[in-house]
Number of protein chains: 2
Amino acid sequence: MSDALPPGATLGILGGGQLGRMLAMAAARLGLKTCVFEPAGDCPASHVANHHFRAAFDDAEALTRFADACDVVTFEFENIPTAALDAIERRVPIRPGREALRISQDRLTEKNWLRDLGLAVAPFAPVDDAESLRAALDRIGAPAILKTRRFGYDGKGQARIATPDDAGAALAAMAGAPAILEGHVSFAREISVIGARGLDGAVACFDPGENLHEGGILRTTTLPAALPHARATDAVLIAGRILTALDYVGVLGVELFVTDTGLVVNEIAPRVHNSGHWTQDGATIDQFEQHVRAVAGWPLGDGRRHSDMVMENLIGDDIARLPEIARDPAAAIHLYGKAEARPGRKMGHVNRRTGPAA
Amino acid sequence: MSDALPPGATLGILGGGQLGRMLAMAAARLGLKTCVFEPAGDCPASHVANHHFRAAFDDAEALTRFADACDVVTFEFENIPTAALDAIERRVPIRPGREALRISQDRLTEKNWLRDLGLAVAPFAPVDDAESLRAALDRIGAPAILKTRRFGYDGKGQARIATPDDAGAALAAMAGAPAILEGHVSFAREISVIGARGLDGAVACFDPGENLHEGGILRTTTLPAALPHARATDAVLIAGRILTALDYVGVLGVELFVTDTGLVVNEIAPRVHNSGHWTQDGATIDQFEQHVRAVAGWPLGDGRRHSDMVMENLIGDDIARLPEIARDPAAAIHLYGKAEARPGRKMGHVNRRTGPAA
């Protein structure tokens, strides 16, 4: 741990949502202090952090004060303005590094990068206007899905194209933003791997979880995924290849489709990931602590799972089921401190242990 | 959960040490906000709480502001001045209630109360001066231990009396404070039970853990304790009797000696307890969340242990072993955010999972 931040050092977190909140709690377990940078007041992470810098991401003076208060800076979301990162990086290291952010901020860049790494991805083509969409549909065919290249999450900025007749409406839904057409992948299940790479280059992965989405939002993650062992190994190898190619430091989520012919990479997220929340109750060192360990230069946990788990997101009105959930002694509750339950808003999650890991 | 505090409500915590810190983190998981009242700055609990009222326990104005900011108030240590409790209780409920505090604040009161409840305790007698000490020694015999009636913890305020010749030095060590002489109990092992009682009167207990002390300070707690099942049941029944007799709300620690003739109650602590820290990694709902659930009127967890565990305290210079501990993937690290490692100071603890619970 010669390069490691000692207890008492300060971790900076860009973004104050639930991921930042759970990162801050993990950092506290390791004796680290936390500063959160987030424009919104009363944000989830601020409740458990040592300091909350409440300022805009274009407030250069606040960014400088924030950077000077931190020993290392990480982030909970990938769409941080480049100028903000530049201002911080002049004063303190940002981990994971800029390359992972650059690639994952743009779906087209990401798909090209993954393909160039030799990984299978869905057929794709850039779309800027009706003409390029027509050409892309000719090549890829329908059904397909049109997505904005940037700033999409939880199914936002996406439009399905069931038949070529849907093309006009889908393009209109992009509102002029640069887009990417992705071909349909026929898959048996969706899985994800939460991988991590330390400052020393060591890699560790949690077992793949099986994900169910509803309306573009993750609903449940189940461990173990129903997969042949060889496929689970493939998933871990893919995560390892991505982590190493990026010279990555931290936790990274890789979403994969399981198809008859192998694994297809759907997308990567250069951060802790919703589908890794099960680790809080199913592994000794969870994804949040694993990320903090990596960016703070500590040794990584080995990713071993001690229990079988089902993680269920509590979305919007799901929170009304809290009294029932609280009566279930097998339910580990993790709420985010959000005051208002808007439709589609992630209010918390529940980890249910279903037994010891085989 | 009709009487339950909803997410977004505020839990007040008297005392800002590591127990308050871990209570605050558990409260955050349930979406509750926290206010910590603690005279010391940069205290462990303040790092993860929403608010820190930094004021003295005789600052009536600060106590009033604190009480008005909270929906319910609990505490992490039992020696809170009565006037402070009075000031708070005029405005907001304190849980657990005053009776448990009154009893556990004074070793003599506690021993009398436990005996009157029909529980086995070590022979004891009050000691105020040389004469009462002589009479007590005549009755109880040596070896014995002289303890201050109030404000003792981690072996402080205690003096061993191996032979009657030690009486003078032991009495001098009390520095004039009212004391209690406790007879020696010949025990095979020390165990503790972490019990809880909800606002609705429901009781739940964690499995007894086996404790090793060094120099009066808890060193390790091991689960399961090496006990016949019937003795483990006895321990749980004793905890249940105490909780019910006190009309208790919250978590309570009961330390017991295992002797050839049965269990002898050593002491009770009306709060979360060091010997219950293993629950953070060995049970779905840990002692901190269990306490928060109780005082917030939520349903209790059932106390079921999913893993065998060894909890090791990191005391003083033990923290220098952190680099080695961090390399152990079976070690769940919990540090308290204390800057300075003084001898005897609890800096953190480590929970090691040794396997699934049988």
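Lettering follows sequence order; numbering is per chain, from 1.
- Contact count against chain A (heavy-atom pairs under 4.5 Å) is highest for B/Ile333 among B/Asp286, B/Ile333, B/Ile319, B/Leu300.
- Of the two parts of A/Ile285, only the side chain, counted from C-beta on, holds a non-hydrogen atom closer than 4.5 Å to a non-hydrogen atom of chain B.
- The choice from A/Gly337, A/Ala331, A/Gly348 that makes the most heavy-atom pairs within less than 4.5 Å of chain B is A/Ala331.
- By the 6.0 Å contact criterion, CG on A/Asp317 is open, its count of non-hydrogen atoms from other residues, nucleotides or ligands being 12 or less.
- Residue B/Ala283: no heavy atom, backbone or side chain, is found under 4.5 Å from chain A.
- Proximity to chain A is absent for every atom of B/Ala357, based on heavy atoms less than 4.5 angstrom apart.
- For the set A/Asn351, A/Asp328, A/Asp302, the count of heavy-atom pairs under 4.5 angstrom toward chain B peaks at A/Asp302.
- Considering CG of B/Leu322 and CG of A/Leu30, their distance stands at 8.0 Å, rounded to 0.5 Å.
- Remark: side-chain polar atoms of B/Arg21 are paired, donor with acceptor, to backbone N or O of A/Ala28 under 3.5 angstrom.
- Contact count against chain A (heavy-atom pairs under 4.5 Å) is highest for B/Arg29 among B/His51, B/Arg29, B/Arg304.
- Shown here for B/Leu335 and A/Pro7, the closest heavy-atom pair between the two residues is CD1-CG, 3.7 Å.
- In this structure, A/His47 NE2 and B/Thr34 OG1 are separated by 9.5 Å, a value rounded to the nearest 0.5 Å.
- A distance-only check finds a donor-acceptor pair linking the side chain of A/Arg293 to the backbone of B/Ala326 [under 3.5 Å].
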